[in-house]
Amino acid sequence: MIDVRRIRSDYDAVRASLARRGDEGALRDLAQVAELDEKSRQISAERDDLRAQVNGLSKEVGQLRRDGDTAGAEALQEQSRALGEREREVTAASDEIAGQMRDLLLHIPNLPSPDCPDGKGEAENVEVKRVGAGDDPAAWAEHQRVPHWDIGTELGILDLERAVKMSGAMFTMFRGQGATLSRALCQVALDRNADAFEEVRPPTVVLTDTMISTGHLPKFIDDAYHLERDDLWAIPTAEVPLTSLARDEILRGADLPMRLMAQTACFRREAGSAGRDTRGLLRVHEFDKVEILAYATPEQAPALHEELLARAEGLIGALGLTYRVLDLCTGDIGNSSARTFDIEVYAPGVDQWLEVSSVSWFTDYQARRANIRYKVEGVKGNEIAHTLNGSALAVPRVWAALVETHRQPDGTVRIPEILQPYMRGATSIG
RNA sequence: GGAAGGGUGGCAGAGCGGACGAAUGCAACGGUCUUGAAAACCGUCGAGGUGAAAGCCUCCGGGGGUUCGAAUCCCCCUCCUUCCGCCA
């Protein structure tokens, strides 16, 4: 959520910044917020004044009653009653406006960072780095041009048909060494970041407020699984519970940056993408992911953003995959993000770049929603924290790229060295 | 799922219709004393909104109600503790 005070005091700059996203609706909402804010302050001043009068009269009533002046007290009560009625009306109007404002603010996306490249959409993302052969056709052999669903079936490590029998389309099941590989990927991701990140095992199902804090609600309600009976939500990423870990808390400045990581299942309805990438593991409703996240001061945030990216990238590289890093443009960054780098791996079997990690800096947007503050020793007041996070490893697409990339001419899949200890020493599948 | 008790400032804990944003203790901060520290003593000491400021308003788990006036009374919800039930 954007700071209302900033909208008030620096409207043109906020508007210009938001305009870079190319989202007309957001600009309309912003204008409306500014208008409502004006009204809101006026009306709440009126309300406060009425309350002050009622409070004052009530004190006098108390005094008169103690003094035994019943008639005088009753006269004042009469006055106070009339003011009270008016106060109730004004309060109702004020609450109405405050509610509208909050609703609009929750829908307005974050302001992009000045460093975020301009652009209308995906096509204008900036490739900042490429490691390995990429999608150069000359670099890939025939035996690597087999889609992972065929490899999986052939080796008995992927059982999509039965997953669909159990849970419907876009659910998956790994078997045997395929399941072990999935677990190994998560395990290595956790172990590689254990030097600086506290491992957390949060709940996978959360309250509405928890989903609002990260920005997944109310705007993206159609993307989330909801358990109606208990009014709980299945998390789309560990970012959701990890961000709420410090919700409504005041952190100690000395404890920042605070780094957390978690492996969880992630649930996505993929409502807007019906029919796209429906084969194999490219787009699924449930998957495992290791997320790394940090709470920071504004000063610490840029360096942490780089650190998270470096960590995510390091693992992809260590798995022997070819990848590129994209600096997402203003038209493509997520709603809550101010700046995002995506890591995409090239999967030769399906001949596609696959997004496997998204590393974002949310400035104070999520922290303001979640009311996460920090206090610096000796400094008066509390500051809103910054949040950042990224996928250290998301299983399905990495699994897919890995089996395609490391498929040998004989049809077996070579296991990268760093995974072997996590695969009970196995050096290949099949 | 059933029953009982409870949720008050950083912590502990009083208050149970009016002078309560809240006693008291601990912790913290500033000072006196001291070569320094401890102790002792004096003082400060929750958060948010609005305003140039004085001030005013809001917050005693959350929401609603009664009242001129609610931390205090009533209703609903939620969480915690204990007991019972069920259970990996």
Side-chain angles (χ1 to χ4, degrees), chain A residues 1-11 33-105 201-213 217 227-233 241 244-256 265 364 367-385:
Chain A
M1 176 153 81
I2 304 175
D3 189 356
V4 209
R5 277 170 296 189
R6 201 162 151 211
I7 295 176
R8 190 183 304 150
S9 64
D10 204 8
Y11 183 77
V33 165
E35 203 176 300
L36 285 171
D37 178 51
E38 181 86 5
K39 233 185 262 179
S40 161
R41 278 185 302 154
Q42 202 179 316
I43 201 163
S44 60
E46 192 182 336
R47 180 201 57 200
D48 287 357
D49 185 58
L50 284 167
R51 281 182 183 170
Q53 291 184 51
V54 170
N55 288 346
L57 284 174
S58 295
K59 277 208 170 92
E60 281 183 57
V61 169
Q63 190 57 49
L64 289 174
R65 288 211 179 274
R66 273 191 299 282
D67 296 347
D69 181 357
T70 312
E74 271 167 17
L76 286 187
Q77 279 176 225
E78 192 51 48
Q79 267 187 53
S80 184
R81 233 192 308 270
L83 284 172
E85 231 152 87
R86 174 104 187 88
E87 188 264 351
R88 263 188 290 281
E89 284 168 30
V90 175
T91 298
S94 168
D95 289 351
E96 167 75 22
I97 290 176
Q100 285 174 18
M101 261 177 74
R102 183 176 159 74
D103 195 52
L104 285 166
L105 279 169
R201 176 50 257 233
T204 332
V205 160
V206 298
L207 298 170
T208 300
D209 280 347
T210 306
M211 289 285 278
I212 286 177
S213 293
L217 287 179
L227 285 72
E228 300 274 341
R229 185 176 164 132
D230 297 295
D231 194 16
L232 291 166
W233 303 82
S244 275
L245 191 124
R247 189 170 77 222
D248 291 320
E249 294 193 20
I250 299 173
L251 305 171
R252 293 182 359 177
D255 291 341
L256 298 178
D364 59 2
R368 180 165 289 106
R369 286 168 166 253
N371 193 27
I372 302 165
R373 294 169 293 171
Y374 68 94
K375 179 176 188 59
V376 176
E377 190 84 13
V379 177
K380 198 173 149 55
N382 304 314
E383 297 293 323
I384 308 272

Rounded to the nearest 0.5 Å, how far apart are [atom1] of [X] and [atom2] of [Y]?
| X | Y | atom1 | atom2 | value |
| --- | --- | --- | --- | --- |
| A:Leu57 | A:Glu78 | CG | CD | 11.5 Å |
| A:Leu50 | A:Asn55 | CG | CG | 11.0 Å |
| A:Thr70 | A:Arg65 | OG1 | CZ | 6.0 Å |
| A:Asp37 | A:Met101 | CG | CE | 4.5 Å |
| A:Ser244 | A:Asn371 | OG | CG | 11.0 Å |

[X] [atom1] to [N] [atom2]: how many Å, rounded?
| X | N | atom1 | atom2 | result |
| --- | --- | --- | --- | --- |
| A:Leu83 | B:rC57 | CG | P | 13 Å |
| A:Lys39 | B:rG49 | NZ | C1' | 20 Å |
| A:Met101 | B:rG49 | CE | C1' | 12 Å |
| A:Arg81 | B:rG69 | CZ | P | 9 Å |
| A:Asp209 | B:rC79 | CG | P | 13 Å |
| A:Glu78 | B:rC68 | CD | P | 9 Å |
| A:Asp95 | B:rC57 | CG | P | 17 Å |
| A:Gln77 | B:rG18 | CD | P | 15 Å |

Work out how far the [atom1] atom of [N] is from that of [M], and round it to whole angstrom.
| N | M | atom1 | answer |
| --- | --- | --- | --- |
| B:rG61 | B:rU81 | C1' | 15 Å |
| B:rG65 | B:rG13 | P | 33 Å |
| B:rG62 | B:rC11 | P | 15 Å |
| B:rA4 | B:rG18 | P | 29 Å |
| B:rA14 | B:rU24 | P | 15 Å |
| B:rG1 | B:rC86 | P | 15 Å |
| B:rG7 | B:rU32 | C1' | 41 Å |
| B:rG9 | B:rA47 | C1' | 9 Å |

* Asked: Distance check: side-chain N/O of A:Arg47 vs OP1/OP2 of B:rU58, anything under 4.0 Å?
  -> no
* Asked: If only side-chain N and O atoms of A:Arg65 are considered, is one of them under 4.0 Å from the OP1 or OP2 phosphate oxygen of B:rG69?
  -> no
* **Contiguous pairing runs of three or more, Watson-Crick or G-U under 3.5 Å, that involve RNA chain B** => B:1-7 with B:78-84, B:10-12 with B:24-26, B:28-32 with B:40-44, B:46-50 with B:55-59, B:61-65 with B:73-77
Categorize [X] for me: base, sugar-phosphate, or nothing, with a 4.0 angstrom heavy-atom threshold over every strand shown.
| X | answer |
| --- | --- |
| A:Asn55 | sugar-phosphate |
| A:Arg373 | sugar-phosphate |
| A:Ala45 | nothing |
| A:Ser80 | sugar-phosphate |

* Asked: Side-chain contact, heavy-atom cut-off 4.5 Å: A:Asp230 with A:Val205?
  -> no
* Does any non-hydrogen side-chain atom of A:Val206 lie less than 4.5 Å from one of A:Leu232? -> no
* Asked: Do A:Gln100 and A:Glu96 meet the criterion of a side-chain donor-acceptor pair at a distance under 3.5 Å?
  -> yes
When you get a sec, tell me which of [options] is the closest nucleotide to the side chain of [X]?
| X | options | value |
| --- | --- | --- |
| A:Arg5 | B:rA19, B:rC57, B:rU50 | B:rU50 |
| A:Arg51 | B:rC57, B:rC68, B:rA19 | B:rC57 |
| A:Ala52 | B:rA19, B:rC57, B:rG49 | B:rC57 |

* Of A:Asp48 and A:Arg66, whose nearest nucleotide on RNA chain B comes first from the 5' end? -> A:Arg66
* **Most 5' of A:Gly56 and A:Arg8 on RNA chain B, judged by nearest nucleotide** => A:Arg8
* Asked: Between A:Ser94 and A:Arg47, what is the shortest heavy-atom contact and its length?
  -> OG-NH1, 3.3 Å
